[in-house]
Each structure stands twice: as C-alpha cells, then as structure tokens.
Amino acid sequence: MLKVILPNGSAKEFPQSVSIRQIAEGIGPRLAKAAIAGEVDGKVVGIDTRLPDSGEVKLRILTKKDPEALAVMRHSAAHIMARAVMRLKKGAQLAFGPTVEGGFYYDFQMPEPLREEDFPAIEAEMKKIIALDEPFERIEVDRNKALDICKDLGQEYKVEHISTGLAEHPSLSFYRQGEFIDLCRGPHVPSASAIGAYKVLSIAGAYWKGDANNAQLQRLYATAFFSQEDLDEHLKKIEEAKRRDHRLLGKQLGLFAISQEVGPGLCLWLPKGAQVRSQLEEFIKHELRNRNYQPVYTPHIGRIQLYQTSGHFPYYMDSQFPPFYLDPLMQDTQHLFAAHFKGDVNDQKFVDIFEKSSADFQKNFGVSSFLGFGPASTVEERKVAIMHWFNEQEAYLLKPMNCPHHIQIYRAERRSYKELPVRLAEFGSVYRFEKTGQLNGMTRVRGFTQDDAHLFCMEEQVAAEFSGCIEMTQFVLDCLGLTNYRVRLGFRDPASDKYVGSQEVWNRAQASLEEVCTRLGMSYTAEPGEAAFYGPKADFVVTDCIGREWQLGTVQLDYNLPERFQLEFVGADNKMHRPVMIHRAPLGSMERFIGVLIEHFAGAFPLWLAPEQARVVTVSEKSEEYARGVEQKLRTAGLRITGDYRPEKLGAKIRDAQLELIPYMLVIGPRDAEQGTVSIRDRLDGDLGAMTPDAAITKLQAEITARTFRKTFSGSAGLEVKGGENEY
RNA sequence: GCCAGCAUAGCUUCAAUUGGCAGAGCACCGCUUUCGUAAAGCGGGGGUUGUGGGUUCGACUCCCACUGCUGGCUCCA
C-alpha cells in the first residue's frame with residue numbers, strides 16, 4: 001500500500017505501483033495535461049516515473065507555474081537543440097548540455113565550426129522537431145550496456161564520461177526522442193510540445209570538462225521559456241542590462257578610458273572617474289582612521305628575492321609581468337631560472353643550458369667569463385656558483401601584491417605584544433599579467449589599486465581582528481547600497497598539494513574563520529579549493545549587470561608569510577613569538593569596484609560620489625555674471641560644480657546635463673538675478689522652485705553628509721524614463 | 001592562451017549596389033538668435049577605412065599575418 005501526500009495536505013492511497021501521470025489523471029484531466037514533471041520527496045522526476053508500491057511519499061505535480069518545471073523544460077530544449085544540430089551537421093560529437101541560469105547550453109565537437117549565421121537554421125530545425133511532438137522516452141540500462149550504446153552511436157565524449165565521471169554509477173539512463181538518443185540523467189518534459197518560445201543566443205569555446213588540456217568544444221548558448229512574452233521580456237532585460245555596462249557608461253560619462261597605446265588592461269582614470277575614486281578613497285581613509293589603521297606608502301617594485309621569500313616568484317610567474325634584470329645576461333636566461341625554480345629542469349640540465357647561454361652571451365657581448373668555473377668543477381659546484389650569482393643579481397618585479405612590502409614595514413622595528421595588532425593600510429597599486437581573453441573593462445585589468453591592509457596580530461586576536469575586517473566590509477558595502485553579494489569561504493582543497501603550509505595550520509585557520517562568520521550571523525558557503533595558496537579566505541562576490549560574478553572585498557588569513565619572513569614579536573614572557581597576518585581589502589580593487597559601482601548605479605552616482613554634483617545653467621547670456629558668482633559661491637562651499645554659459649537654449653543645456661546624469665541643476669535667469677535666487681532642478685524630480693544659493697548649499701550638503709542613495713533610472717543614459725523607480 | 005565574431009571621423013549611432021571618386025547624424029569650431037526647465041538656424045574643419053603584406057588597371061570591399069575589442073572557456077550524463 002502506497003500513501004501519497006499532496007501539497008494541500010490531502011493523501012491518496014494506492015494498492016499497487018502507480019506513475020505520477022496516472023495520479024495526475026486521477027486528480028483531473030486538466031492537471032494531467034498541464035503536468036510537466038513531478039517532485040517526489042523534494043526530488044524532481046519525470047512524469048512517467050513509477051512510485052514505489054508501498055510506504056509514504058510527498059508528491060508535487062509540477063506545471064508551467066513552478067520554477068522547477070522551467071529548468072526541466074530548458075533541459076529538454078537543450079536536447080532538441082542538440083538534435084537539430086545533429087540533423088544539420090553530420091558528425092557532431094555531443095558533450096554536456098545542462099541548464100544554466102537564464103537558459104541552457106550544449107557543447108559540441110563539430111567537424112565544421114558552428115557560426116552565428118547557423119542560428120536561424122538551427123532554430124528552424126528545432127521548430128520542425130517540436131512540431132512532431134514526440135515523447136521523451138526514458139531508457140535505463142546497466143553501465144556496460146550504456147557503454148555499448150554510446151560506442152554504437154560513435155559518441156566518444158559520452159563513452160569517456162561513463163568510464164570516468166560516472167564510474168560509480170551502476171545504472172545509467174538515456175532519453176530517446178525520435179532518432180535522437182542521448183545519455184542523460186533527466187528528467188524531461190513529457191513531450192516536445194511542452195517547449196514554448198526559445199532562442200539560440202551565442203556561441204563560444206569551452207573546454208571538455210573545463211580543462212584547458214582537453215579538447216576545445218563549441219558551446220551553443222540558448223534560452224527557452226514557456227511563453228513568447230516571457231522570452232521577449234527576458235531578451236529585453238538583457239538589452240537593458242547591456243546599457244548599464246560600465247564599459248559603455250564609462251565612455252559616455254567620461255569616467256575612464258583604456259588606450260591601445262598605453263596597453264591592454266591598463267586603465268586611464270579620466271577626471272570624472274578620478275573624482276569618484278578619490279571620493280571613495282576619502283571615505284575609506286576615514287573608516288581606517290576610525291578603526292585605528294596606520295597609513296603607509298610603498299614603491300611599485302621590489303627586488304625579486306623579496307618575492308622568492310614570499311613565494312610569489314616563481315609560483316605566480318605566469319600571471320606576472322616578467323622581472324627586469326640589470327644584467328643583460330639575465331634577460332636571456334630568466335626563463336631558465338624560472339623553470340629551474342619550478343623544478344621543470346634538473347640540476348645537470350640547468351647547468352648545461354646556463355653555460356651554453358652564458359657562452360653565447362660572452363660571444364655576443366665580448367665579456368669574459370665571470371663565474372669563474374674551474375675545468376674540474378662538479379655540477380653541484382657550478383650550480384652553487386650560478387645560484388650564488390643569481391642571488392646577487394639586482395632584479396626587480398612589478399609588485400603583484402603589497403604584502404611583502406608591508407611585511408618589511410612590520411620588520412622595520414622590533415615589535416612588542418603590547419603594540420599588536422599592527423594594522424598597516426595603503427592604496428597599493430599592483431600589476432598582474434592577466435591573459436588577454438580575461439581582460440574586461442575595469443573589472444579585469446592588469447594594473448590596479450587595492451584598498452589594501454595587512455594586520456599583524458597574536459593568535460588569540462585573530463577572531464576579533466577578522467571579525468573587525470568583515471564588519472568593515474559589510475559597513476562599506478551597506479553604505480553604497482550594494483546588497484546583492486554572497487560570501488564565499490575559500491578553503492583548502494584536500495586533494496591538492498599546491499598550498500604552502502601544513503594541514504594543521506590550515507585547519508586552525510579555517511575553523512576560526514568559520515566560527516567568526518557564524519558568530520556574525522552571516523550566511524556563507526564554504527568552498528574547498530577556493531583558498532589562496534597561503535591561507536583560507538572570505539570573499540565578497542557580487543554579480544554584475546549581465547550576471548557575471550566578481551570578487552570584490554576579501555579577508556584572508558595567513559599563517560604562512562609570517563613563517564617565511566620569520567616575523568616575530570616579543571611576548572609578555574619576554575620570548576619571541578610569531579604573529580598571524582590578515583590581508584584584507586573591503587573594496588578589493590578601485591578599478592573593479594568602481595566598474596561594478598557604475599553598473600550598480602547605472603552611472604547615476606549618489607550625490608556624495610557624483611563627479612559633478614551640480615551645474616549652473618543660464619537661461620541666456622544676460623544672467624551670466626550673476627550665475628558665475630553663484631557657481632563660485634557653491635564651489636567655495638566645497639561642492640563640485642560647473643557652469644554652462646553657452647549661447648544655447650535652456651532646453652538644450654538641461655538635456656545635456658540630464659544625459660550626463662548630474663544630480664542637480666541650478667537654473668538661473670534674469671528673474672533669479674533680480675531676486676537673488678536660483679531655481680533648483682532635481683535630475684529626476686524636475687523643477688523644485690526657487691531658493692537662495694545658501695539654501696541650496698545647505699540642502700546639498702545635508703544630502704552629501706547623509707550619503708543618501710539617489711534614485712537611478714529605469715532605462716539608460718540617454719533613454720531615461722522620468723521618475724524611474726529604481727530606488728537604491 | 002584557446003573557440004567564434006567584430007574593427008570606417010572624437011562617438012558601442014551608422015552608410016558606401018557585383019571590387020569603381022568614403023558619406024550622414026551627434027560632438028567640435030564660427031556666425032545669427034538672448035531664449036525659464038530634455039535637442040534653435042546657417043556655415044565650416046575633421047579620414048593612409050586598426051596595422052603590415054598580397055591579389056587586381058583599380059581594394060573599405062577579396063586573401064594572409066599581426067594588434068585590439070566583444071561573447072565564452074564544467075552551477076557534470
């Protein structure tokens with residue numbers, strides 16, 4: 001006897017095994033027709049799934065109204081898209097085709113590359129397939145049979161996946177629809193007609209199982225909805241989001257530029273962008289003072305030995321600008337040294353290659369031997385001589401991180417336990433050589449400035465200091481109305497050996513990190529494998545306007561650098577102890593943070609951040625003299641103000657100021673000049689009427705001090721809808 | 001780095017029949033207008049069509065290489 005409990009609490013009993021479809025039919029023919037899938041005890045399954053013949057289950061029958069059904073339908077749509085591609089292009093190999101947020105994709109290996117111009121044909125073929133309205137038929141087989149099926153189909157990726165990724169699964173399932181059969185966990189919609197409106201969106205490269213060592217596949221992105229209206233709305237949303245893109249707004253509003261001549265990934269802060277940044281930096285500096293940090297300054301480069309000690313070199317070699325050496329021989333042999341440090345070259349080979357390049361160098365530059373090898377010297381002796389020479393080299397690296405410099409500041413004096421924690425803060429510029437394909441506007445650059453700080457404390461202070469860092473990050477994000485973030489605790493991947501430091505030290509760090517997050521009541525996800533090589537961390541991750549995630553603020557515990565640099569302090573027992581370090585940056589980098597901020601505010605910054613807070617616009621040139629006086633008065637009061645005195649009509653000047661997203665306009669005509677007033681105009685609320693310049697100053701200053709969020713707009717720069725309701 | 005696509009004036013607004021004189025709009029400059037809350041009128045300057053080669057009588061257009069940019073590169077069958 002099976003007892004089925006439905007969402008409304010009612011229960012039905014069945015004497016023998018029954019499918020979800022049969023239960024739906026029992027409830028009503030309309031429900032049976034509308035059913036897309038079922039949910040049994042919280043697990044989404046196909047409509048033809050048979051329930052056990054005894055016990056008790058909770059059952060939901062999912063229809064178009066249920067969000068879970070959409071994912072099922074999209075997955076089915078992915079199959080249909082794959083089927084369409086298989087029909088159009090012979091010899092396509094199938095890889096993965098999952099549902100993702102906002103749609104789905106399918107990875108193929110194509111004999112001929114797919115192109116965007118193939119999309120209409122694919123969509124047309126999908127239409128034909130859907131018109132057939134064939135059912136999705138589930139076929140369950142054992143592993144060996146599954147392997148045979150995939151081999152027969154000639155689907156090599158499926159064969160590989162069954163033998164590796166699915167090695168633990170004794171029984172596997174396929175779904176068949178017409179001539180198309182695909183290894184698939186399911187579930188699927190009952191038949192093709194359940195698929196509503198769909199669109200193939202884009203094509204991209206993707207590696208098999210995400211590993212760059214594997215074959216590069218072609219990934220076809222698409223989306224599907226139950227109704228055309230939902231699809232249209234989705235596409236419209238994508239379009240609107242694109243208009244918020246910080247790269248577009250950054251150019252339109254004159255915030256930043258990236259010039260080919262300066263170099264890719266190198267950001268030029270235009271005056272207005274620099275103004276926003278400077279304001280944000282002031283804000284952070286104020287918070288640092290309140291929290292007893294000490295500002296420091298350090299240079300942009302450091303000797304390579306410093307980074308060998310820290311472990312950044314050659315560990316991060318691939319993502320750094322190459323070091324520069326004062327000795328020209330080193331320019332030629334630096335790759336050799338890097339390979340040697342990484343263990344890619346053994347001692348004998350290292351000596352051989354070095355001596356050859358050294359000989360070439362001497363031939364080319366006419367310099368005599370400078371290492372002084374005797375003919376009888378051993379490999380070991382030569383290696384020692386070479387390494388000794390290397391360590392004497394004057395070589396510099398553009399700093400990829402600020403910590404080694406800050407550590408040297410810590411070491412500049414003997415530290416007592418009484419002065420801990422030491423908190424050293426700097427807006428430190430760092431350089432990292434990101435791969436070209438990773439660069440993205442301001443959110444991924446090669447040179448950036450972190451709102452960095454390093455805390456040196458005793459082990460028993462870690463929890464309090466960590467807590468303080470998290471609290472500051474939360475405070476800063478709150479002040480900007482950035483609420484759409486998640487906290488990710490990056491932990492060590494137990495299976496990997498890329499980490500510096502002992503497992504025991506890591507466990508301690510991770511435990512205390514988790515403890516603090518729990519105490520602060522933060523929701524977080526613990527993610528093994530996401531840690532930095534030197535310690536676990538808490539990352540604040542936000543989502544940009546087109547759904548990409550970016551790591552902003554970060555707090556990282558580090559038990560390893562103090563060890564590497566032999567940091568010490570004198571304890572109460574008059575003995576030497578090792579401090580613990582915390583790296584933290586609430587904003588992360590100024591570049592990325594402001595990039596995200598531009599999208600968050602859609603370019604319409606709150607008054608306290610706005611590069612131009614107000615603009616005087618004259619009705620005609622008659623009032624220019626008075627207007628200039630007002631402008632200067634507000635400037636002297638500390639407001640960022642400009643004046644538009646062009647011989648344009650008022651409407652044109654207002655329009656220009658609106659498009660530049662300037663929060664306030666001070667309209668001045670003969671009437672104002674006569675009465676000693678200004679007509680204040682809010683960018684969104686329009687004309688607020690006349691007031692004295694002093695009253696305007698008071699009003700604006702109050703808004704600045706309160707750091708009020710302003711409305712942005714529900715459109716884009718240039719397409720603003722008046723009275724937009726996007727309240728932040 | 002890799003896959004696909006793109007590159008015309010300051011502009012992520014774009015045009016240029018099959019290979020046949022590179023053209024608009026916005027912005028900029030000048031003149032007229034002196035104006036009260038989202039675009040006044042007229043005139044003007046601005047280009048080695050991303051860079052370098054090639055094919056051709058002739059290349060923005062076709063071919064090759066390079067540079068830069070855009071989308072993407074495991075929320076597993």
Walk me through it: do R74(A) and Y198(A) pass the test side-chain contact (heavy atoms from CB on, under 4.5 Å)?
CA-CA 9 Å; R74(A) 284 175 173 167; Y198(A) 51 89; over 6 Å; no
Set out, in order, the CA-CA distance, both residues' side-chain angles and the distance that settles salt bridge (Lys or Arg N to Asp or Glu O under 4.0 Å) for D211(A) and K209(A), then state yes or no.
CA-CA 6 Å; D211(A) 186 341; K209(A) 295 193 172 173; over 6 Å; no
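I668(A) places a side-chain heavy atom less than 4.5 Å from the side chain of V630(A). Counting heavy atoms from C-beta outward, V619(A) and R671(A) have side chains that stay 4.5 Å or more apart.
Within 4.0 Å of Y221(A), counting heavy atoms only, lie sugar-phosphate atoms of the nucleic acid but no base atom. Residue D672(A) is in base contact, counting any heavy-atom pair closer than 4.0 Å across all strands shown. Using a 4.0 Å heavy-atom distance criterion, A204(A) is classed as a base contact.
When rounded to the nearest whole Å, the span between CG of N213(A) and P of C73(B) equals 18 Å. As rounded to whole Å, 23 Å separates atom P of U33(B) from atom OH of Y645(A). Nucleotide U12(B) holds its P atom 10 Å from the CD atom of Q252(A), rounded to whole Å. Straight-line distance from the CZ atom of R247(A) to the C1' atom of C11(B): 17 Å, rounded to whole Å. Rounded to whole Å, the distance from CD on E660(A) to P on U37(B) is 20 Å. One interatomic measurement links the two molecules: CG of L439(A) to P of G72(B), which rounds to 14 Å at whole-angstrom precision. G71(B) atom P lies 21 Å from atom CD of E117(A), rounded to whole Å. Rounded to whole Å, atom C1' of C73(B) lies 16 Å from atom CZ of F108(A).
Toward the 5' end of RNA chain B, the nearer of the two residues R219(A) and I680(A), judged by each one's closest nucleotide, is I680(A). Mapped onto RNA chain B by nearest heavy atom, K251(A) and G265(A) fall at different nucleotides, with K251(A) at the one closer to the 5' end.
Formation of a donor-acceptor pair under 3.5 Å by the Q177(A) side chain with backbone atoms of E134(A) is found in this model. Between the R486(A) side chain and the T525(A) main chain, no donor and acceptor come within less than 3.5 Å of each other. Here the side chain of R592(A) pairs no donor or acceptor atom with the backbone of R444(A) at under 3.5 angstrom.
Here the CE-CD distance, from M81(A) to E123(A), works out to 10.0 Å after rounding to the nearest 0.5 Å. Here the CG atom belonging to L253(A) is positioned 9.5 Å from the CG atom belonging to L659(A), to the nearest 0.5 angstrom. Note that the CD atom of E660(A) and the CD atom of Q658(A) stand 10.5 Å from one another [nearest 0.5 Å]. Going from atom CG of D687(A) over to atom CE of M665(A) covers 10.5 Å, rounded to the nearest 0.5 Å.
In this structure, E156(A) places its CD atom where only 12 or fewer heavy-atom neighbours from other residues, nucleotides or ligands lie under 6.0 Å away. Counting heavy atoms of neighbouring residues, nucleotides and ligands inside a 6.0 Å radius, atom CD of E625(A) does not exceed 12 of them.
In RNA chain B, stems built from 3 or more consecutive Watson-Crick or G-U wobble pairs, each with both distances under 3.5 Å, span B:1-7 with B:67-73, B:28-32 with B:40-44, B:50-54 with B:62-66.
A donor-acceptor contact under 3.5 angstrom links the side-chain atoms of S679(A) to the base of G36(B). Judged by distance alone, with hydrogens and angles left aside, D687(A) brings no side-chain donor or acceptor close enough to the base of G36(B) to form a pair under 3.5 Å.
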Please enumerate all protein N or O atoms sitting under 3.5 Å from an N or O of nucleotides 75-77 of chain B, with distances to 0.1 Å.
| from | atom 1 | to | atom 2 | distance (Å) |
| --- | --- | --- | --- | --- |
| C75(B) | N4 | E101(A) | N | 3.1 |
| A77(B) | OP2 | R185(A) | NH2 | 3.1 |
| A77(B) | O3' | L183(A) | O | 2.5 |
| A77(B) | O2' | L183(A) | O | 2.2 |
| A77(B) | O2' | C184(A) | N | 3.4 |

What does the list of N/O pairs under 3.5 Å between the protein and nucleotides 39-41 of chain B look like, with a distance for each?
| from | atom 1 | to | atom 2 | distance (Å) |
| --- | --- | --- | --- | --- |
| A39(B) | N7 | R655(A) | NE | 3.2 |
| A39(B) | N7 | R655(A) | NH2 | 3.2 |
| A39(B) | N6 | R655(A) | NH2 | 2.7 |
| A39(B) | N1 | R655(A) | NH1 | 3.3 |

Please tabulate the protein-to-nucleotide N/O contacts below 3.5 Å involving nucleotides 46-50 of chain B, giving atom names and distances.
none

Using atom names, set out every protein N or O paired with an N or O of nucleotides 5-9 of chain B below 3.5 Å, distance rounded to 0.1 Å.
| from | atom 1 | to | atom 2 | distance (Å) |
| --- | --- | --- | --- | --- |
| G5(B) | OP1 | R115(A) | NH1 | 3.1 |
| G5(B) | OP1 | R115(A) | NH2 | 3.1 |

Would you mind building the protein contact string for nucleotides 24-31 of chain B? One character per nucleotide, 5' to 3', B for base within reach (heavy atoms under 4.0 Å), S for sugar-phosphate only, - for untouched.
--------
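Under the ring pair (Phe, Tyr, Trp, His ring centres under 6.0 Å) criterion, the residue pairs touching residues 139-158 of chain A are Y157(A)-W208(A), with sequence neighbours excluded.
Side-chain N/O atoms of N214(A) include none lying less than 4.0 angstrom from OP1 or OP2 on U74(B). Side-chain N/O atoms of R681(A) include one lying less than 4.0 angstrom from OP1 or OP2 on A38(B).
Looking at every heavy atom in both residues, V596(A) comes nearest to L552(A) through CG2-CD2, 4.1 Å.
Residues forming a salt bridge (charged side-chain N to carboxylate O under 4.0 Å, His left out) with E239(A) (at least two apart in sequence, or on another chain): K242(A). D107(A) pairs by the salt bridge (charged side-chain N to carboxylate O under 4.0 Å, His left out) definition with R219(A), not counting sequence neighbours. By the ring-ring contact (aromatic ring centres under 6.0 Å, His included) test, F180(A) is found to be paired with H79(A), residues two or more places apart in sequence or in another chain being considered.
By the 6.0 Å and 45° rule, R446(A) does not stack over the aromatic ring of Y431(A).
Using a 4.0 Å cut-off on heavy atoms, the residues of residues 612-626 of chain A that approach RNA chain B are V619(A), S620(A), E621(A), K622(A), listed by number.
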List the atom pairs, with distances to 0.1 Å, where a side-chain N or O of residues 112-119 of chain A and a protein N or O form a donor-acceptor pair under 3.5 Å, not counting sequence neighbours.
| from | atom 1 | to | atom 2 | distance (Å) |
| --- | --- | --- | --- | --- |
| D118(A) | OD2 | R115(A) | N | 2.8 |

